[in-house]
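The next block holds one structure in the form of structure tokens; read it before the comments.
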Protein chains: 2
Amino acid sequence: MPAANRPTSRDVAQEAGVSQSTVSLVLGGKWAGRISPGTAAAVQEAAGRLGYRPNQAARNLRLGTTRTVLLMVPTLTAPFFGAVYAGAARVAAEHGFGIVVYPWPENAGPADSPFAAPGEAIDGILASSMPVQVLAPFQGTPVVMLDSDPAGPVPTVDFAVADGMRAVAAHLGALGHRRIGHVAAAIGQWTFRERGEALAAAVRALPGGAYGRQEAALDVGAAKDAALRLLDGPLRPTALVCDDDLMAAGAYKAARARGLPVPGGLSVTGFDDLQLATALEPELTTVRLPAADLGAHGMAALLELLEGRRPVPRSLPGELVVRGSTAEPPA
Amino acid sequence: MPAANRPTSRDVAQEAGVSQSTVSLVLGGKWAGRISPGTAAAVQEAAGRLGYRPNQAARNLRLGTTRTVLLMVPTLTAPFFGAVYAGAARVAAEHGFGIVVYPWPENAGPADSPFAAPGEAIDGILASSMPVQVLAPFQGTPVVMLDSDPAGPVPTVDFAVADGMRAVAAHLGALGHRRIGHVAAAIGQWTFRERGEALAAAVRALPGGAYGRQEAALDVGAAKDAALRLLDGPLRPTALVCDDDLMAAGAYKAARARGLPVPGGLSVTGFDDLQLATALEPELTTVRLPAADLGAHGMAALLELLEGRRPVPRSLPGELVVRGSTAEPPA
DNA sequence: CTGTTAGCGCATTCAA
DNA sequence: TTGAATGCGCTAACAG
């Protein structure tokens with residue numbers, strides 16, 4: 001018997017000397033001009049005294065909703081998504097919603113039925129950094145996509161990643177860099193395509209600018225290899241722009257392997273501004289992406305959607321944070 | 001109207017030509033010797049055909065349980081806890097349970113009532129790496145604590161952190177280190193007390209062993225300062241043992257600030273083996289803590305508890321991972 | 001202004 | 001071996 005015997009709305013009604021429906025109205029906040037202020041106050045007070053909390057299960061059954069949304073993320077072992085969750089959870093809590101997290105495709109295992117576990121009892125979905133196709137099994141459920149192609153069929157909240165990359169290119173360009181290598185994430189996602197296109201265009205717009213590109217999986221070792229290919233290739237880059245802070249760590253390793261000091265011999269930039277950015281030595285010049293804000297605005301948009309309104313697409317600005325990993329190119 | 005009209009058990013009953021209660025019995029798996037195999041099969045088949053999934057809200061209301069557990073973690077923006085969640089969620093899903101995460105005290109804000117958001121509708125609690133006191137508002141709810149004092153009043157699943165620290169000390173001792181500094185987390189938690197005591201004892205047990213200790217908050221900058229105090233102090237350590245990988249990154253910075261190469265001039269060790277450990281240069285010698293296993297075993301223990309059994313306390317072994325940050329002390 | 005009533009979908013007695 | 005009836009706690013339509 002897990003649940004202690006909590007007071008019900010009937011108990012409150014009895015305590016306040018009114019009927020159960022009156023309690024429901026008052027506590028539901030919709031008694032404006034239907035219940036006398038005196039009675040309302042009495043009910044509130046009785047509820048407080050008893051420590052009454054409505055039974056969610058009953059509420060859900062009656063209303064046909066759950067006040068729960070699903071947050072789909074590619075993985076939870078990346079701190080970025082922890083921040084997204086935190087932001088979303090804060091807004092959700094303010095509106096009496098809960099969030100259940102679903103790492104996809106990490107859990108794409110048994111598939112007895114898609115989403116056996118959390119698939120039930122969901123009012124809406126927040127899907128971060130994934131292809132639209134994964135939402136196919138959820139036809140009809142309101143969805144807001146985060147960090148995804150705003151041209152898609154569902155409402156989105158995004159980062160202005162293109163602006164971020166342009167800021168990186170401008171910063172590097174002002175320092176005097178012209179031959180710039182891109183350690184790109186080998187992930188077919190809007191956010192990375194966007195970064196790549198923006199960077200390539202910006203670098204090529206530099207007088208004498210030359211852009212090179214190598215792709216790698218999102219981990220240190222693969223990024224190091226890609227950086228090495230760039231350093232050993234024909235471009236002879238003086239700066240390496242990485243799609244993400246973790247990849248920048250790989251670039252540091254590549255630089256060290258070739259005897260190039262950062263930033264004296266090679267400038268390196270990241271993207272995200274995770275804790276890792278300041279753990280590295282030297283500290284990383286990177287673009288700060290407000291992950292918590294992404295979650296918060298996404299949740300707000302989903303709430304609008306659930307109320308029947310159409311949320312306007314939003315794009316959150318990133319901010320270039322200049323630290324110790326960028327300097328003038330070697331003479 | 002968020003929820004599409006899903007079939008109910010009544011629909012299944014109609015489809016199978018039986019009564020609703022029969023459906024309930026069959027699908028509940030308790031028809032052994034009460035329903036004829038033929039009828040049972042017909043019901044199963046009808047349910048499958050209709051794609052029937054029981055309505056959780058109704059089920060919860062009737063049963064008084066929620067098949068949901070609360071996972072309390074200090075923060076979600078640390079990848080360690082993401083892994084704990086993933087492990088717990090996997091086991092939970094196998095048993096038809098869901099998990100809602102609650103970062104505490106991050107959300108300890110409004111406090112209109114303790115845990116307004118997720119406090120309802122919870123069958124049990126998994127609390128990782130926190131003091132017992134935070135569970136005071138949840139008297140009566142089954143709890144399993146993770147990474148906490150096993151001598152406490154509730155069932156626990158832990159890491160053998162003391163063994164881990166002894167392995168670190170043995171490794172360092174074998175390399176020839178005698179003067180060992182401890183960059184300790186300034187957090188009053190069992191897991192850190194345990195680490196500190198084990199390390200101090202193990203170092204002092206070394207012939208000629210000397211132990212020094214400085215505390216710092218769990219971030220890079222504070223850890224760097226603490227490491228600096230150790231390096232500048234009377235101990236003149238040849239190795240710095242850190243309570244956590246992030247603090248080790250701070251120790252790297254301190255070493256660099258004093259012109260000491262790692263590992264040639266100073267050996268450094270961490271704890272946890274997060275992604276950061278291999279992002280650093282040189283890669284970090286550390287103790288791998290199986291975070292996902294912690295979550296998995298914790299969830300299993302909680303399920304036992306919910307079934308009325310008393311889970312046996314468990315301690316998961318850590319593993320020393322020797323990488324490039326430790327070497328013989330300078331001559 | 002307030003109370004009575006019905007029913008959300010399910011598991012479970014009890015009667016047949 | 002099965003079906004009819006009941007109620008979990010809540011909200012909302014309808015009466016008074």
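Lettering of chains follows the sequences in order, A, B, ..., and the numbering in each one begins at 1. Side chains included, hydrogens not; waters and symmetry mates left out as well; all remaining heavy atoms used. Not measured: the values here are computed from a predicted model.
Looking at heavy atoms from C-beta onward, B:Tyr85 lies in side-chain contact with B:Leu71 at the 4.5 angstrom threshold.
Atom CD of B:Gln275 is surrounded by 12 or fewer heavy atoms from other residues, nucleotides or ligands within 6.0 Å. Around the CZ atom of B:Arg49, the shell of radius 6.0 Å holds more than 12 heavy atoms that belong to other residues, nucleotides or ligands.
Atoms CD (A:Gln20) and P (D:dA12) sit 12 Å apart, rounded to a whole Å. Rounded to whole angstrom, the span from the CH2 atom of A:Trp31 across to the P atom of D:dA12 amounts to 17 Å. Residue A:Gln56 contributes atom CD, which lies 15 Å from atom C1' of D:dC8 at whole-angstrom precision. For the pair A:Arg34 CZ and C:dG3 P, the interatomic distance rounds to 14 Å; values are reported in whole Å. As rounded to whole Å, 15 Å separates atom P of D:dC14 from atom CG of A:Leu25. In this structure, CD1 of B:Ile35 is placed 13 Å from C1' of C:dT12, rounded to the nearest angstrom. Summarising the geometry, the separation between CD on A:Gln14 and P on C:dG3 is reported as 13 Å, rounded to the nearest angstrom. For A:Asn55 and D:dG9, the CG to C1' distance is 6 Å, given to the nearest whole Å.
DNA chain D is contacted by both B:Ala58 and B:Val18; B:Val18 maps to the nucleotide lying nearer its 5′ end (nearest heavy atom per residue). A residue-by-residue look at B:Leu61 and B:Thr22 shows that B:Leu61 has its nearest nucleotide of DNA chain C further toward the 5' end. Position along DNA chain D of the nearest nucleotide to B:Pro37 versus A:Leu63 favours B:Pro37 as the more 5'-ward residue.
Residue B:Val23 is out of contact with every strand shown, counting any heavy-atom pair closer than 4.0 Å.
Of the side-chain N and O atoms in B:Ser36, one or more sit less than 4.0 angstrom from OP1 or OP2 of D:dT2. A close approach under 4.0 Å does occur between a side-chain nitrogen or oxygen of B:Arg59 and OP1 or OP2 of C:dA11. A:Ser9 has a side-chain polar atom (N or O) that falls below the 4.0 Å cut-off from OP1 or OP2 of D:dC10. Contact between the side-chain N/O atoms of A:Ser19 and the OP1/OP2 oxygens of C:dG3 is found at a separation under 4.0 Å. Contact between the side-chain N/O atoms of A:Thr8 and the OP1/OP2 oxygens of D:dC8 is not found at any separation under 4.0 Å.
Nearest to the side-chain atoms of A:Ser21 among the listed nucleotides D:dG9, C:dT4, C:dC10 stands C:dT4. Nearest nucleotide to the side chain of A:Tyr52, out of D:dA12, D:dC10, C:dA11: D:dC10.
Under the 3.5 Å distance criterion, with hydrogens and angles disregarded, a donor-acceptor pair is assigned to the side chains of A:Asp123 and A:Thr66. Between the side chains of B:Asp147 and B:Ser129, a donor-acceptor pair is found at a separation under 3.5 Å.
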